[in-house]
Amino acid sequence: MLVTKQPILRRFWYPVMPIVHLAGGPKPFRLLGNDIVLWLTSDGTPAAISDRCCHRTAKLSRGYCEGGRIVCGYHGWQYDRNGMVIRVPQAAGTRDHRTAMRTPAYNAAERYGYVWVALDDPLTAIPEFEEAVTPGFRKIDQFYDVWDCAGLRLMENSFDMAHIAFVHRATFGDSESPKPGSFRITRTDDGFIMDSENVVVNRDLQKEILGMTEDTTTRIAKAQWYMPFIRKTRISYPTGLIHSIVTAATPIDDKVSQIVQFCFRNDSESDTSTADVIRFDSAIVEEDRYILESTDHDVPLEPRGIEASMASDKPGLIIREMLGELLAKHGEVEATGHRRKDGNVSPLIFHES
């Protein structure tokens with residue numbers, strides 16, 4: 001699926017940038033192949049419009065903010081959050097003079113310390129994470145990095161129990177015990193919830209971070225997929241620690257994603273430092289990144305004849321199925337460069353005996 005060719009994906013909220021990045025003025029971002037500019041209005045809320053002045057196409061992100069508006073750095077035309085040109089200094093000097101000229105404007109909001117943008121009227125609300133309003137939890141901003149990877153690949157990986165033994169063999173996986181743990185999936189209106197149990201290895205850093213002495217532990221997780229490219233995994237440990245990770249793969253274009261990750265924990269800085277939490281999760285994330293950046297960005301929603309599958313791929317196959325249903329519901333067909341092969345790739349899912 002080529003995400004920039006699917007109009008329905010414009011109708012979802014995506015976290016695009018930490019709001020603190022806007023303190024110094026307007027900033028550019030590319031979302032689903034669209035160049036936008038972000039800035040803070042006079043009341044401190046974010047705004048997003050096309051990063052093109054309608055006069056002579058200069059990038060508005062190379063301008064500046066004045067009175068909560070964005071000013072084109074080329075000729076000083078001023079825009080409000082609705083993309084309307086409200087001052088042309090060459091015509092009206094310092095007076096506002098609302099015109100019929102405009103540039104496209106987009107939905108923008110702040111949540112969890114990030115600017116979220118939806119290019120068209122959103123189908124769903126920004127996800128609500130219970131830990132954000134539950135006393136005793138702290139929030140840690142972890143990663144804001146660009147990956148050469150499709151968001152759909154990262155979402156599948158987040159629910160793939162079989163990759164842990166191999167991709168994460170240096171952190172918490174065990175390649176000598178490759179059989180994945182058990183899981184159960186419950187569909188929701190905008191995704192699904194996956195409950196799982198898996199035995200993981202506690203190496204030295206993990207023991208330190210988790211406050212455990214055992215060499216292995218059974219990790220109980222409740223992971224939720226929010227269509228199309230957000231997941232939250234709430235991990236519970238025998239010590240009572242809850243480590244809840246939110247990861248978004250915001251689509252910059254068909255090949256590249258902006259990875260946003262933060263977590264909630266029910267401990268304190270004196271229990272485990274922010275730096276140590278980030279250090280441990282960073283090691284895991286970089287293991288995923290090393291593999292995922294080698295994958296094909298054009299993920300087929302119907303993999304038969306293109307990619308082989310096995311039983312533990314079920315969560316990812318459900319993601320693809322539900323995205324296919326979303327497209328069909330809104331009168332779209334999958335945009336893809338794949339041509340299905342005959343006989344080269346098994347159309348069957350391997351079943352465990």
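None of the values given here were measured: they were computed from a predicted structure.
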Look only at the side chain of [X] and the backbone of [Y], and say whether a donor-acceptor pair between them is shorter than 3.5 Å.
| X | Y | value |
| --- | --- | --- |
| R265 | L241 | no |
| E307 | S309 | no |
| R81 | P46 | yes |
| R11 | A118 | no |
| E334 | L301 | yes |
| Q142 | D281 | no |
| N107 | D120 | yes |
| H338 | D298 | yes |
| K139 | F262 | no |
| Y112 | F129 | yes |

Got a salt bridge between R69 and D80, using NZ or NE/NH1/NH2 to carboxylate O under 4.0 Å?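 Answer for the salt bridge query: no.
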
How far apart are the C-alpha atoms of C54 and R102, what are their side-chain angles, what is the distance that settles it, and do they pass the side chain to side chain contact (heavy atoms under 4.5 Å, CB included) test? CA-CA 7 Å; C54 64; R102 65 179 304 154; over 6 Å; no

Could you pull out all residues at least two apart from F192 that satisfy ring-ring contact (aromatic ring centres under 6.0 Å, His included)? F159, W225

I'd like to check the side-chain hydrogen bond (donor to acceptor under 3.5 Å, both in side chains) partners of S270; sequence neighbours left out, ordered by chain and number. S268

Gap between atom [atom2] of [Y] and atom [atom1] of [X] - 0.5 Å precision:
| X | Y | atom1 | atom2 | value |
| --- | --- | --- | --- | --- |
| H75 | Q90 | NE2 | CD | 6.5 Å |
| E287 | H163 | CD | NE2 | 8.5 Å |
| T124 | D190 | OG1 | CG | 5.5 Å |
| I164 | T171 | CD1 | OG1 | 9.5 Å |
| R219 | E197 | CZ | CD | 12.0 Å |
| W39 | T45 | CH2 | OG1 | 10.0 Å |

Only distances under 3.5 Å count here; give the side-chain donor-acceptor pairs of residues 143-152 to other protein atoms, sequence neighbours excluded, each with its distance to 0.1 Å.
| unit_1 | atom_1 | unit_2 | atom_2 | d |
| --- | --- | --- | --- | --- |
| Y144 | OH | V16 | O | 2.6 |

Are any non-hydrogen side-chain atoms of [X] and [Y] less than 4.5 angstrom apart?
| X | Y | value |
| --- | --- | --- |
| H330 | L123 | yes |
| I19 | L40 | yes |
| F229 | V3 | yes |
| Q224 | I230 | no |
| L326 | Q6 | no |
| P228 | L323 | yes |
| E131 | V246 | no |

Give the ring-plane orientation class for W77 versus H55, where under 30° counts as parallel, over 60° as perpendicular and anything between as tilted. parallel

Intermediate values then yes/no, ring pair (Phe, Tyr, Trp, His ring centres under 6.0 Å), F280 and F172: CA-CA 10 Å; F280 178 69; F172 66 102; 7.1 Å; no

Over all atoms of both residues, closest heavy-atom pair of [X] and [Y]:
| X | Y | result |
| --- | --- | --- |
| A105 | G83 | CB-N, 3.9 Å |
| G113 | E110 | N-OE2, 2.8 Å |
| G76 | P89 | O-CD, 3.5 Å |
| T103 | R52 | OG1-O, 3.1 Å |
| P28 | D51 | CB-OD2, 3.8 Å |
| Y226 | R231 | CD1-CA, 4.4 Å |

Dump the intermediate steps for salt bridge (charged side-chain N to carboxylate O under 4.0 Å, His left out) on R187 and E325, then the final yes or no. CA-CA 13 Å; R187 292 199 186 201; E325 292 170 353; 3.7 Å; yes

Output, in order, the C-alpha distance, side-chain angles, deciding distance and verdict of side chain to side chain contact (heavy atoms under 4.5 Å, CB included) for Y79 and C53. CA-CA 9 Å; Y79 294 79; C53 180; 3.0 Å; yes

Given the rule that I, L, V, M, F, W and Y join up when any side-chain heavy atoms are under 4.5 Å apart, are [X] and [Y] in one cluster?
| X | Y | value |
| --- | --- | --- |
| I36 | Y74 | no |
| L317 | M227 | no |
| F183 | M155 | yes |
| I252 | V37 | no |
| L119 | L327 | yes |

Please, which pairs that meet salt bridge (charged side-chain N to carboxylate O under 4.0 Å, His left out) have at least one residue in residues 156-171, sequence neighbours excluded?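 As it turns out, the salt bridge (charged side-chain N to carboxylate O under 4.0 Å, His left out) pairs with a partner in residues 156-171, which skip direct neighbours, are E156-R320.
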
Name all pairs fulfilling the salt bridge (charged side-chain N to carboxylate O under 4.0 Å, His left out) condition that reach into residues 249-261, sequence neighbours left out, sorted by first residue then second. K5-D254

Can you list every pair that meets side chain to side chain donor-acceptor pair (under 3.5 Å) and has a residue in residues 13-33, with sequence neighbours left out? R30-D35

Kindly indicate, with the supporting measurements, whether the criterion side chain to side chain contact (heavy atoms under 4.5 Å, CB included) is fulfilled by K222 and D195. CA-CA 5 Å; K222 179 182 288 292; D195 294 285; 2.7 Å; yes

Assess whether side chain to side chain donor-acceptor pair (under 3.5 Å) is satisfied between T274 and E269, documenting all intermediate values. CA-CA 6 Å; T274 294; E269 184 72 14; 2.7 Å; yes

Counting only heavy atoms not in [X], do more than 12 sit closer than 6.0 Å to its [atom1] atom?
| X | atom1 | value |
| --- | --- | --- |
| R62 | CZ | no |
| D43 | CG | yes |
| Y237 | OH | yes |

Show your reasoning for whether side chain to side chain contact (heavy atoms under 4.5 Å, CB included) applies to H243 and V277. CA-CA 10 Å; H243 184 70; V277 173; 3.8 Å; yes

Does the pair R10 and E332 meet the rule for a salt bridge (charged side-chain N to carboxylate O under 4.0 Å, His left out), with working shown? CA-CA 13 Å; R10 296 169 56 92; E332 295 183 29; over 6 Å; no

